[in-house]
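Before any comments, here is the structure.
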Amino acid sequence: MIDLAALRTQPDAFRAAWSARGAAVDVDGLLALDQQVRALKTRAEGIKAEVNAASKAIGMAAKAGGAAVEEAKAKARALGDQHKAVDTEREALEKELQAALMVVPNPCLPDVPVGKDASENRVAATWGTAPAFAFAPKAHWDLGPALGIMDFERAAKISGSGFASLRGAGARLSRALVSWFLDTHTTRNGYTELAVPYLVTPKTMTGTGQLPKFADQLYRCADDDLLLIPTAEVPVTNLHAGEIIDEAALPVRYTCHTPCFRREAGAAGVGTRGLTRVHQFDKVEVVWLTTPERSRADLDTLRGHAEHLLQELGLHYRVLQLCTGDTGFGSAMTFDLEVWAPGANAWLEVSSCSTFTDFQSRRADLRYRGADSKLRLLHTLNGSALALPRCLIALIETWQQADGSITVPPVLRPYLGGLDRITATA
RNA sequence: GGAGAGGUGGCAGAGCGGUUGAAUGCGUCGGUUUCGAAAACCGAUAUAGGUGAAAGCCUAUCGGGGGUUCGAAUCCCCCCCUCUCCGCCA
């Protein structure tokens, strides 16, 4: 959520920022509503102050055994009714204002390039080169089933389309990636590992911005009013909701492996072959809670952690700086990491690293007490490091051999009992 | 799932329906004292919002939401959470 007080004082800056995003926000409507709410609030509180004073007087008079108590009560009752009428009106308008604010996107940082959509994202960096093959490289949807490490048909049989299953060395390879990612983050990058619930409340989903705007992308357990997380960002960022963290403890950095559940409504048929886009996938996420002063630099550090993993896996990738028009709802700046999948002949997004500035903190009530003992909103950052199925795709397509076997990247071998090659018989 | 107990400020823990934002203790901060520290003593110590140039004033908040009342931390109803015991279960 944006800072309403800031909108009040600098509406033009917000207008410009939203226009750069291509977001239609009725600034005048918001400001008018805000004005009404505050006017009603002032009125209601003024009447309430009178009611309180009258009640206090009645209390004293009753104690002293005054005679005019009944008359005073009647007067106070009338005032109370008046207050209730005004306050009810205020409440309705305030709800309306809140609802409107909840679907307003975060303005991008000033140095985010302006653009209308994904076609105007900028390639900020490229690492490595596309692997060259002496044969025609195969896509994972051919390689995987041939090796017996992926099974799409049986997954569809038990769960419908958009689900995949791994088997044998494929399942093990996936687990090896998770372990290696987590170990790297905890031992080398200073993250604390978390294990969290995969079902969360609507309030939690609202804290990070999935609700109310993106309800159609979430799986919901209607009988219990719980939702399946679409990313570990949701439970991890909300973990400290409503709390006050001491500045000395910042930045708080967490890494967490969870499955992610996404309905992918409206994405049917778009890049859905094989493991590329599925309703359930595993991901290792990193989340930072940090100060406004540090957050921009911290975003680069976080992104570096994700990039490093791809480098050690020997995977060719590029960094995209998203333009204003392609930046997600709550994000103020996002870098996507796209890995090259030589078989599918495509760049696949395996990480999205973002700073949400204080947008999520305002929703989730995440604050810190500064060295000066003042309370301030935290800045939240997160990024995938990394998303499993697409890493797996790039990995096997990149490391495939002419005979259809897969060479295991050296960093993963300790996690596979020394296995250096996945073959159809493995 | 059944039975019971409980949810009050950073923490612990009081609180008759009436000038209670809330005793007391601890903690924290400032001061006195000290060569310095400890101890002791003195003082301060919530958050959010409205209004105002500011000082300030006002409103709200005792798990959440309703209700009774002129007035609710205190009474009533619903919900949530925690703990204990029983049952069930990976």
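Chain identifiers are assigned alphabetically (A, B, ...) following the order of the sequence lines, protein sequences preceding nucleic acid strands; residue numbering begins at 1 within each chain.
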Measuring only the P atom in each nucleotide, how far is B/rU59 from B/rA73? A whole number of Å is fine. 14 Å
Distance between P atoms of B/rG18 and B/rG71 (Å, rounded): 15 Å
Could you tell me the separation between the NZ atom of A/Lys56 and the C1' atom of B/rU59, rounded to a whole number of Å? 13 Å
Tell me the partner of B/rG18, counting only Watson-Crick (N1-N3 plus N6-O4 or O6-N4) or G-U wobble (N1-O2 and O6-N3) with both under 3.5 Å; none if nothing fits. B/rC70
Report the distance from atom CZ of A/Arg369 to atom P of B/rA46, rounded to the nearest whole Å. 10 Å
Pairing partner (Watson-Crick or G-U wobble, both distances under 3.5 angstrom) of B/rA90: none
Contact between A/Met102 and A/Lys213 at the side-chain level, heavy atoms closer than 4.5 Å - yes or no? no
From CD of A/Gln82 across to C1' of B/rU59 the rounded distance in Å is 16 Å
Of B/rA60, B/rC70, B/rC58, the nucleotide closest to the side chain of A/Arg77 is B/rC70
Who does B/rU32 pair with, Watson-Crick or G-U, both distances under 3.5 Å? B/rA40
Which nucleotide sits closest to the side chain of A/Leu375: B/rG18, B/rA60, B/rU47? B/rU47
Using the C1' atom as the reference point in each nucleotide, state the distance between B/rU82 and B/rC76 in Å, no decimals. 24 Å
With nearest nucleotides of RNA chain B determined for A/Glu50 and A/Ala76 from heavy-atom distances, which residue corresponds to the more 5′ nucleotide? A/Glu50
Base partner of B/rA46, which must satisfy Watson-Crick or wobble distances under 3.5 Å: B/rU61
Is it true that A/Lys84 and A/Asp81 make a salt bridge, defined as a side-chain N closer than 4.0 Å to a carboxylate O? no
Distance between the C1' atoms of B/rA22 and B/rU47, in whole angstroms? 15 Å
Taking pairing as Watson-Crick or G-U wobble with both contacts under 3.5 Å, can you name the mate of B/rU51, or confirm there isn't one? B/rG56
Rounded to whole angstrom units, what separation is found between the CD atom of A/Glu45 and the P atom of B/rC58? 12 Å
For A/Arg43 and B/rC58, is the shortest distance between a side-chain N/O and OP1 or OP2 below 4.0 Å? no
Checking base pairs now: Watson-Crick or wobble, both atom distances under 3.5 Å. What partners B/rG4? B/rC83
Give the rounded distance in Å between these two atoms: NZ of A/Lys73 and C1' of B/rU69. 8 Å
Testing B/rC70, B/rU47, B/rG50 for proximity to the side chain of A/Ser55, the answer is B/rC70
Cationic N near anionic O, under 4.0 Å, A/Asp28 to A/Arg15: yes
Answer with base, sugar-phosphate or nothing: what part of the nucleic acid does A/Ala72 contact at a heavy-atom distance below 4.0 Å? nothing
Rounded to whole angstrom, note down the P distance from B/rG25 over to B/rU45. 15 Å
Assign A/Arg8 to base, sugar-phosphate, or nothing according to its heavy-atom contacts below 4.0 angstrom with the strands shown. sugar-phosphate
Rounded to the nearest Å, what distance is computed from the CZ atom of residue A/Arg367 to the C1' atom of nucleotide B/rA48? 8 Å
Polar side chain donor-acceptor pair, A/Thr380 to A/Gln360, under 3.5 angstrom: yes
Counting neighbours of CZ on A/Arg38 that are heavy atoms of other residues, nucleotides or ligands and sit closer than 6.0 Å, is the number greater than 12? yes
Closer than 4.0 Å, any side-chain N/O of A/Arg38 to the OP1 or OP2 of B/rU51? yes
Salt-bridge criterion met for A/Arg188 and A/Asp183 (N-O under 4.0 Å): no
Over 60° means perpendicular and under 30° means parallel, so tell me whether A/Phe329 and A/Phe214 are parallel, tilted or perpendicular. perpendicular
Base paired to B/rG9 (Watson-Crick or G-U; both N/O distances under 3.5 angstrom): none
Which residue lies more 5' along RNA chain B, comparing A/Ala49 with A/Ala54 via nearest heavy atoms: A/Ala49
Looking at B/rA60, I'd like to know if its phosphate oxygens (OP1 or OP2) sit under 4.0 Å from a side-chain N or O belonging to A/Arg90. no
Taking a pair to mean Watson-Crick or G-U wobble geometry with both distances below 3.5 Å, B/rA23 pairs with none
Using atom P of each nucleotide, how far apart are B/rC42 and B/rC26 to the nearest Å? 12 Å
Please measure how far the P atom in B/rA55 lies from the corresponding atom in B/rA60, and state the result in whole Å. 22 Å
For A/Arg43 and A/Asp87, run salt bridge (Lys or Arg N to Asp or Glu O under 4.0 Å): C-alpha distance rounded to whole Å, both residues' side-chain angles, the deciding distance at 0.1 Å, then the answer. CA-CA 9 Å; A/Arg43 244 178 84 201; A/Asp87 201 52; over 6 Å; no
Candidate nucleotides B/rG50, B/rG67, B/rA60, ranked by approach to the side chain of A/Thr42 - the nearest: B/rG50
Nucleotide B/rG49, atom C1' - distance to CG of A/Leu40 in whole Å: 15 Å
Taking the C1' atom of each, how far is B/rG9 from B/rU61, in whole Å? 11 Å
Please report the distance, rounded to the nearest Å, between CG in A/Asn52 and P in B/rU19. 12 Å
What is the nucleic acid contact for A/Ile244, judged by heavy atoms within less than 4.0 Å: base, sugar-phosphate only, or nothing? nothing
